[in-house]
Amino acid sequence: MTSPNTRESLSAISQRRLQTVKSKSIYVLPNAFTAAALFAAFYGIIAAMNGDFQTAAVSIFFSMLFDGMDGRVARLTHTQSEFGVQMDSLADAVSFGVAPGLIVYKYSLMNLGKVGWAIAFVYCLCALLRLARFNCNVGVVSKNYFQGLPSPAAAALVCGFVWLGADGHFPVWLEDYKAVTAAVITLYAGLTMVSNAPFFSGKSYAVVKTLPFWFIVVASLLFVVVSSSPSLAIFVLFCLYALSGYAYGFWCWWKGRPNPIQADIAKQQAEAAEAPEEA
């Protein structure tokens, strides 16, 4: 007859094996959203190659939408897996790195010759470095902030510029400097991705509880503005967000407070240095 201790041991082994299988499983629903995000970005590249830059830019925003849904669907349905994490990271590299770089290059950077494709490559490289650093620093940097500009926001900034131009909202005087302006925006987006500027992540719901009433009024007005001119409103909003990290970093410096990103990294390094001594 099997003893209770043996039954408990077998139960623990079965549970551990079940968790192992679950962590390595491939779940259809969340990965379908990841595949949809990748498809939207791929379609955006094809549209840019055919000269349809408005569709190309909008496709990246659809890719952002699907990318934001896959993780939430996985958490809601308890279908997180290591496979899903890796697939999402690889899809992000294409959707928010390669695709925006190719779209903005085809739209205007190609007019700058070798400098143009070099800038597009720098953007793609920075996006991949940003994603690799994010994967390495999970659990190190606070969830309240992003370390550097998030790759979806960088893609929105670059493709928002393309959408703005394709929608005919460029001032007349800017038409002659369109390629130079695209180069500046693309470089800024790329280099900001690999900076240590703290960008608000929106993952902390504690902030939402303290929002004043006027925020609802402002949000309503923003909705009206976005509805009337989506390309202009979205581009302006992401420009403000792309500047907010440096603004907050300067505010921390002005008040004598540490940069939250650098403080988290320094804390992790200090804990790592003390670990061998404690052992």
Side-chain angles (χ1 to χ4, degrees), residues 34-68 88-132 148-194 229-239 241-242:
T34 304
L38 181 61
F39 172 79
F42 181 78
Y43 185 80
I45 296 175
I46 299 299
M49 292 172 62
N50 292 329
D52 188 358
F53 296 108
Q54 186 172 10
T55 301
V58 173
S59 296
I60 300 302
F61 286 95
F62 273 104
S63 183
M64 289 176 58
L65 177 64
F66 291 127
D67 178 70
D88 180 68
S89 183
L90 293 172
D92 287 352
V94 177
S95 300
F96 309 128
V98 177
L102 290 176
I103 291 172
V104 72
Y105 172 76
K106 185 68 176 178
Y107 177 66
S108 60
L109 289 182
M110 63 185 302
N111 297 325
L112 299 177
K114 294 181 179 180
V115 175
W117 67 254
I119 291 174
F121 172 74
V122 168
Y123 172 86
C124 295
L125 177 61
C126 289
L128 265 66
L129 292 174
R130 166 69 174 78
L131 291 166
L149 185 66
S151 56
L157 182 63
V158 171
C159 291
F161 174 81
V162 175
W163 189 8
L164 190 68
D167 218 17
H169 284 121
F170 277 161
V172 178
W173 61 269
L174 190 60
E175 287 291 340
D176 296 335
Y177 305 98
K178 184 171 64 176
V180 176
T181 306
V184 172
I185 291 175
T186 305
L187 264 181
Y188 177 85
L191 296 178
T192 304
M193 277 192 286
V194 295
S229 181
S231 59
L232 179 60
I234 289 176
F235 178 68
V236 171
L237 287 175
F238 278 101
C239 280
Y241 181 73

- Item | Side-chain donor/acceptor of S59 to backbone N/O of T55, under 3.5 Å | yes

- Ring geometry between Y107 and F53 (parallel below 30°, tilted from 30 to 60°, perpendicular above 60°): perpendicular

- Item | F235 vs I185, side chain to side chain contact (heavy atoms under 4.5 Å, CB included): CA-CA, chis, key distance, verdict | CA-CA 11 Å; F235 178 68; I185 291 175; 3.9 Å; yes

- Separation between CG of L109 and CD1 of I103, rounded to the nearest 0.5 Å: 12.0 Å

- Task: Can you see which heavy atom on A179 is nearest to which on S108, and at what distance?
- Result: CB-O, 3.6 Å

- Query: Among all residues two or more places apart in sequence or in another chain, which pass the side-chain contact (heavy atoms from CB on, under 4.5 Å) test with A91?
  - Reply: T34, L38

- Task: Please say whether more than 12 non-hydrogen atoms of neighbouring residues, nucleotides or ligands are located less than 6.0 Å from OH in Y241.
- Result: yes

- Item | L164 side chain near F170 side chain, heavy-atom distance below 4.5 Å | yes

- Message: Which heavy atom of Y123 sits nearest to which heavy atom of G97, and what is that distance?
- Response: CE2-O, 3.4 Å

- Message: Using every non-hydrogen atom in the two residues, find where V104 and A182 come nearest and quote the distance to one decimal.
- Response: CG2-CB, 4.2 Å

- Taking all non-hydrogen atoms of both residues, which atom of A41 and which atom of I60 are closest, and how far apart? CA-CD1, 4.0 Å

- Query: What heavy-atom pair brings K106 and M49 nearest, and what distance separates the two atoms?
  - Reply: CE-O, 4.0 Å

- Task: Mind checking the CH2-CD1 spacing from W163 to I234? Nearest 0.5 Å is all I need.
- Result: 4.0 Å

- Item | Gap between atom CZ of F62 and atom CZ of F66 - 0.5 Å precision | 7.0 Å

- Do L157 and C239 come close enough that some side-chain heavy atom pair is under 4.5 Å? yes

- Task: Test side chain to side chain contact (heavy atoms under 4.5 Å, CB included) on D67 and S95 and set out the steps.
- Result: CA-CA 9 Å; D67 178 70; S95 300; over 6 Å; no

- Task: Measure the spacing between CG of D92 and CG of L128 and express it to the nearest 0.5 Å.
- Result: 10.5 Å

- Message: Quick check on Y188: does its OH atom have over 12 non-hydrogen neighbours (other residues, nucleotides or ligands) under 6.0 Å away?
- Response: yes

- Query: Passes side chain to side chain contact (heavy atoms under 4.5 Å, CB included), Q54 versus D52? Steps please.
  - Reply: CA-CA 6 Å; Q54 186 172 10; D52 188 358; 4.3 Å; yes

- Are P100 and F161 side-chain neighbours, meaning at least one heavy-atom pair lies under 4.5 Å? no

- Item | Side-chain heavy-atom pair P150, F96 within 4.5 angstrom cut-off | no

- Between K178 and L174, does a side chain to side chain contact (heavy atoms under 4.5 Å, CB included) hold up when you go through it step by step? CA-CA 6 Å; K178 184 171 64 176; L174 190 60; 5.7 Å; no

- Task: Can you sort out the partners of Y105 under ring pair (Phe, Tyr, Trp, His ring centres under 6.0 Å), two or more places apart, ordered by chain and number?
- Result: none

- Within a radius of less than 6.0 Å around OH of Y43, do more than 12 heavy atoms belonging to other residues, nucleotides or ligands occur? no

- Spacing of CD belonging to E175 relative to OG1 belonging to T181, to within rounding of 0.5 Å: 10.0 Å

- Item | Shortest non-hydrogen contact from S151 toward L131 | OG-CD2, 3.7 Å

